[in-house]
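Below is one structure; the comments refer to it alone.
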Amino acid sequence: MLIPARNQQRPRKETKRRRKGKKNIFNRRGKREGSIFFYGTPPKVRELYEFTLWNRFLLFTDHLPKKGRQLFHRLNSDFNSFNSWDSWTYSLFFILHFSFYIFPYFPYSPYLLFFFCPSYLRDFVVHLSVRLAFFPRKSQILTDVYFSARKTKGARLNTIGSAGNYGKDDRSDCAVEIIRTSCGGIVVELNSKVGKLYGDSIEELCREEMSFFGISDAHVKIDDSGALPYILTARIEAALKQIIETDREFLPEMLPENRYSTEKDRPRRSRLYLPGNTPKLAINAGLHSPDGIILDLEDSIAPAKKEEARYLVRNTLRALNFYGAERMVRINQIPQGLDDLKFIIPHNVNLILVPKCESADQIHVLEKEIIKISVAFGVTQPIFLMPIIESALGVVNATEIATSSPNVVALAVGLEDYTADLGIQRTKEGHETFFARCQIVNAAKATGIQAIDSVFSDVADMDALKQVVLESKSLGFDGMGCIHPRQIPAIHKNYAPNPDEIMKAKKIINAYFDAAEKGLGVVALGSKMIDAPVVKRAQRTIANAIESGKLSADWRSEDVK
Amino acid sequence: MSNNLVKNAAGRWVPTEVNGKPEIPFQGIGKHRPEGRKYAPKISTSLDFPADGNKLLPDLKTALIQCGLKDGMTISTHHHMRNGDLIANQIFAIAHELGVKDLVWFPSASFPCHEPLIKFLEDGTIHHIEGSMNGPLGRFTSQGKMKGVGILRSHGGRYQAIQDGEVKIDIAVLAAPTADSFGNAHGLTGPSACGGLGYALPDYQYADKVVVVTDNLVQFPAIPMQIVGNYVDYVVKVDKIGIAEQIVSGTTQITKSPDRLLIAELTTKFCDAAGLIKDGFSFQMGAGGTSLAIGIFFHQILKERGIKARFAVGGTTQYSVKMIEDGCLEYLLDAQSFDLDAVRSMGKNLNHPDISIFHCYDFHAKGNYTTMMDVMILGATEVDVNFNGNVVTHSDGYLLHGIGGWQNCLHAKCTILPIPLFRDRIPVIRDEVTTLCGPGELIDVIVTERGIAINPLRTDLIDKVKNSGLPIRTIQQLKDEAERICGKPQDPVFDDQIVAVIKWVDGTVIDAVRKLRE
């Protein structure tokens with residue numbers, strides 16, 4: 001079907017006479033009538049370009065190789081959204097520009113240039129010329145953009161959103177690429193390891209999410225290595241939010257097992273770090289029974305991936321079973337970390353680790369934001385804070401940080417960053433960090449909170465780990481971080497109370513029960529008076545002992561016997 | 001192949017005729033008892049063989065021609081060379097050169113190194129494979145491209161098939177790391193040393209023609225005689241029979257994955273709580289990462305308590321050898337050596353003899369070792385809510401592994417399957433297994449990282465571990481947990497064409513594998 005050209009009303013005879021074409025594109029009133037692109041073109045040639053219909057051309061795109069398709073969509077979907085230039089765009093515009101200049105003098109130049117172009121580029125140039133012919137004003141931005149080489153200002157959205165990882169080592173993860181189109185519906189291209197078992201359900205989930213966000217036309221490419229549904233939806237959402245602006249959130253269902261709260265002084269012997277953007281490590285983390293699981297948004301994630309990691313951490317908090325471990329998230333340093341909060345607070349995070357904490361002000365700022373978000377989302381369960389002291393200034397301000405808020409339940413130390421801050425090497429013996437560790441313990445105990453030690457990074461050396469744990473315990477730490485589940489049993493075993501401590505604790509508990517039986521108001525052990533915190537600590541010691549198997553649960557009845 | 005399908009005792013539809021031969025469908029455990037005599041090769045006369053005991057021929061091609069290689073013959077090989085085997089590919093290349101067609105390959109197992117045989121399957125040199133179909137061969141078969149129907153048997157089932165005359169081997173080509181010109185051979189020394197040669201026992205005893213191929217020729221006699229030369233027709237010396245690094249690994253390593261170690265720990269705790277680890281017990285485990293870890297935990301317990309295990313059977317590794325040398329294990333009966341430590345120990349330790357499949361697995365013998373074992377640790381690709389097990393196909397329907405000794409080992413006193421609940425989103429516990437390899441009555445315990453399921457038939461085990469603090473669940477609960485995490489999988493779609501059948505230990509057909517619809 002031919003679309004008649006705008007100015008092709010003259011009869012054939014005239015065309016023959018005016019073979020050179022309409023040189024003057026301005027009419028008598030001085031208004032530009034034809035496209036500047038077609039200035040000097042013979043109408044027959046012009047017709048050839050105009051013959052290509054938009055719809056018919058769209059069919060071409062299906063046969064384009066991937067690069068051409070991407071380029072096509074990129075240029076077509078929204079002319080205002082140029083965000084980055086690459087070599088293909090440059091080469092295209094070079095050809096366009098070149099033909100633009102020489103066209104008036106040599107109208108057949110595009111033919112020659114076409115001869116040298118690859119096929120998809122040819123189609124492309126034809127398309128662009130049609131657009132220029134039909135929509136000169138809208139297309140003008142093309143030339144403007146090219147001539148001025150203007151970079152888009154402000155935070156523009158991309159036309160292609162991508163998120164996730166796909167590779168040999170990226171089990172249980174997927175890479176998602178979404179290109180928004182203007183028509184054609186949702187096209188899902190799935191390359192999945194579990195395609196035969198879950199192909200249909202993955203596609204259905206993708207479509208559901210797209211329609212949730214109101215997207216009706218897009219090309220979605222998913223490379224999947226067995227990603228669980230909550231990981232899939234996180235990746236799709238992260239990719240989508242790179243190309244649209246929306247406040248909606250596609251949330252997986254919150255597991256009923258994940259709704260528990262935490263106490264201020266629950267045992268925190270082991271806290272297992274999980275990189276927030278590596279889902280395969282999180283899936284079975286709870287089974288190894290750490291006291292706490294930390295989903296990390298800070299150091300273990302590359303800066304480019306921090307945005308997509310937030311969605312994954314949010315979904316993990318909701319959909320993954322933590323098996324009773326304390327639900328912790330390590331946000332980014334204040335003030336960047338404040339942006340992480342809205343992804344974690346509404347989803348029952350129990351404790352937030354604040355890295356590189358150096359002053360009480362940071363805690364105050366953080367708390368304000370937490371309160372704001374908690375009120376907005378109606379969060380009633382407590383959210384505790386564990387500042388990590390990782391610098392010399394932090395060590396100096398340890399007490400101030402520990403007392404900055406009643407929600408600070410523990411003080412942790414990060415020795416790798418601390419030694420880097422001092423400009424020294426960290427050794428196995430740890431003399432160089434002795435002061436920092438003692439200072440942290442002191443500050444913590446002075447304010448009645450827990451002191452938590454740093455991680456031990458040599459995963460293979462279990463003997464050295466045991467020594468480190470024993471020393472840590474002797475300094476007064478209540479727990480330490482771990483980076484591999486194998487470390488957990490060793491840590492629990494060695495932080496457990498030794499027989500002397502158990503004996504002492506038993507005596508205190510027995511004295512307490514005796515006093516309660518006799519109706520005494522005061523608990524006494526020998527000449528010493530024992531008050532509530534002491535009893536509580538003894539109870540905690542007993543609980544630790546029972547949990548680590550050093551004491552049986554019904555020790556009281558055994559002792560009485 | 002006719003399309004007559006019958007429902008066997010396990011509820012699966014199986015053909016009654018495979019590759020033109022009639023087959024008996026599965027009748028139930030222990031129901032099929034053949035009568036009749038064992039098959040035997042023809043009587044030979046020693047005068048027909050070289051008087052000086054020198055059966056050497058210049059190359060493999062001459063040997064095959066002398067054996068009278070013809071269309072339709074059955075060629076068998078063993079798999080002691082594992083993934084470093086060079087001989088099997090050579091045999092069929094020679095056959096192809098000679099223009100022989102429709103051969104049947106009868107290996108004791110196949111490996112990814114046999115991928116070049118795909119082109120011989122395509123051009124008709126090989127009609128079908130009776131053995132295992134691993135990796136690329138399995139994929140090829142699942143796509144329905146093999147001319148005949150594949151038959152998968154366990155190790156014991158292979159022995160039983162040869163012994164009963166179900167499969168008559170025309171030519172057995174046996175790779176041997178050390179051999180003499182008379183044909184005696186063993187696998188203890190030589191550049192391609194592999195340990196024992198137990199899988200070759202039925203081949204050399206029952207085949208019509210036996211060819212021994214070696215790269216390490218020694219003077220008569222080659223002691224110990226793992227292959228007895230009086231059965232051997234020809235001996236061939238080649239440069240290399242196998243790639244040493246792929247035959248036995250330098251070291252087998254236990255799994256480093258914390259999840260697998262968790263399963264291994266749970267399994268050990270279970271065995272302890274059920275009272276299975278006691279003085280004089282016997283066990284068997286494979287060489288997979290989880291199994292090795294369980295072996296190490298057993299070793300620790302035995303050492304701590306000062307008790308000894310009487311014997312262990314199966315594939316041996318450095319860890320089994322350590323148990324022998326520590327005195328925690330009295331006898332290690334070796335059917336296959338997986339690393340150099342095991343090979344070395346076999347030559348040195350008297351309590352580490354090599355045995356064959358006839359000893360440990362043969363179903364049609366006067367007893368075998370599997371029923372004597374106290375603890376058996378196995379793996380599986382899938383199990384279902386009735387405790388049936390699958391080891392040959394994956395949930396996507398592709399043939400993946402051979403059966404190995406799995407079916408035979410199920411007869412042990414306590415069969416335990418430590419498996420993860422799901423592998424990369426694919427649940428391991430299903431409503432119904434894709435391919436039935438072992439009936440549920442024989443599988444006793446399934447240990448996953450999220451719980452332990454005990455077969456309801458084993459009330460004794462259930463009673464013993466009731467108050468142990470272990471996470472005991474029903475298998476339905478475990479399956480629901482897997483589906484809650486992964487989502488409910490859709491079933492693969494199959495065509496009607498049967499590409500392979502699975503045989504039970506007594507030679508009956510327990511299930512059939514169909515072609516995948518692309």
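In what follows, chains are A, B, ... by sequence order, proteins preceding strands, each numbered from 1.
Counting heavy-atom neighbours within 6.0 Å of B:Lys322 NZ, excluding the residue itself, gives a total above 12. Atom CD of B:Gln497 has more than 12 heavy atoms from other residues, nucleotides or ligands within 6.0 Å.
For A:Lys193, the part lying under 4.5 angstrom from a heavy atom of chain B is the side chain only. Only the side chain of A:Leu255 comes within less than 4.5 Å of a heavy atom of chain B; its backbone N, CA, C and O stay farther away. Contact annotation for A:Ile231: neither backbone nor side-chain heavy atoms come within less than 4.5 Å of a heavy atom of chain B. A:Ala227 touches chain B through its backbone: at least one of N, CA, C or O sits under 4.5 Å from a heavy atom, while the side chain does not. For a residue to count as touching a neighbouring chain, one of its non-hydrogen atoms must lie under 4.5 Å from one of that chain's; by this rule B:Arg423 does not touch chain A. For a residue to count as touching a neighbouring chain, one of its non-hydrogen atoms must lie under 4.5 Å from one of that chain's; by this rule A:Tyr230 does not touch chain B.
Atoms OG and CG, from A:Ser192 and B:Asp424 in turn, are 10.0 Å apart once rounded to the nearest 0.5 Å. Here the straight-line distance linking atom NZ of A:Lys196 with atom CG of B:Asp491 works out to 13.0 Å at 0.5 Å rounding.
Comparing A:Gly195, A:Ser172, A:Ala319, A:Pro229 by heavy-atom pairs within less than 4.5 Å of chain B, the highest count is held by A:Pro229. For the options B:Leu421, B:Val493, B:Ile485, heavy-atom pairs under 4.5 Å to chain A are most numerous at B:Ile485.
Among A:Leu197, A:Leu228, A:Ile283, the one residue that satisfies the side-chain contact (heavy atoms from CB on, under 4.5 Å) test with B:Arg425 is A:Leu228.
B:Leu262 places a side-chain heavy atom less than 4.5 Å from the side chain of A:Leu287.
Between the side chain of A:Tyr198 and the backbone N or O of B:Gln490, no donor-acceptor pair lies under 3.5 Å.
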Quick one: do A:Arg486 and B:Glu265 satisfy salt bridge (charged side-chain N to carboxylate O under 4.0 Å, His left out)? Show the steps, please.
CA-CA 12 Å; A:Arg486 265 173 71 189; B:Glu265 232 177 81; over 6 Å; no
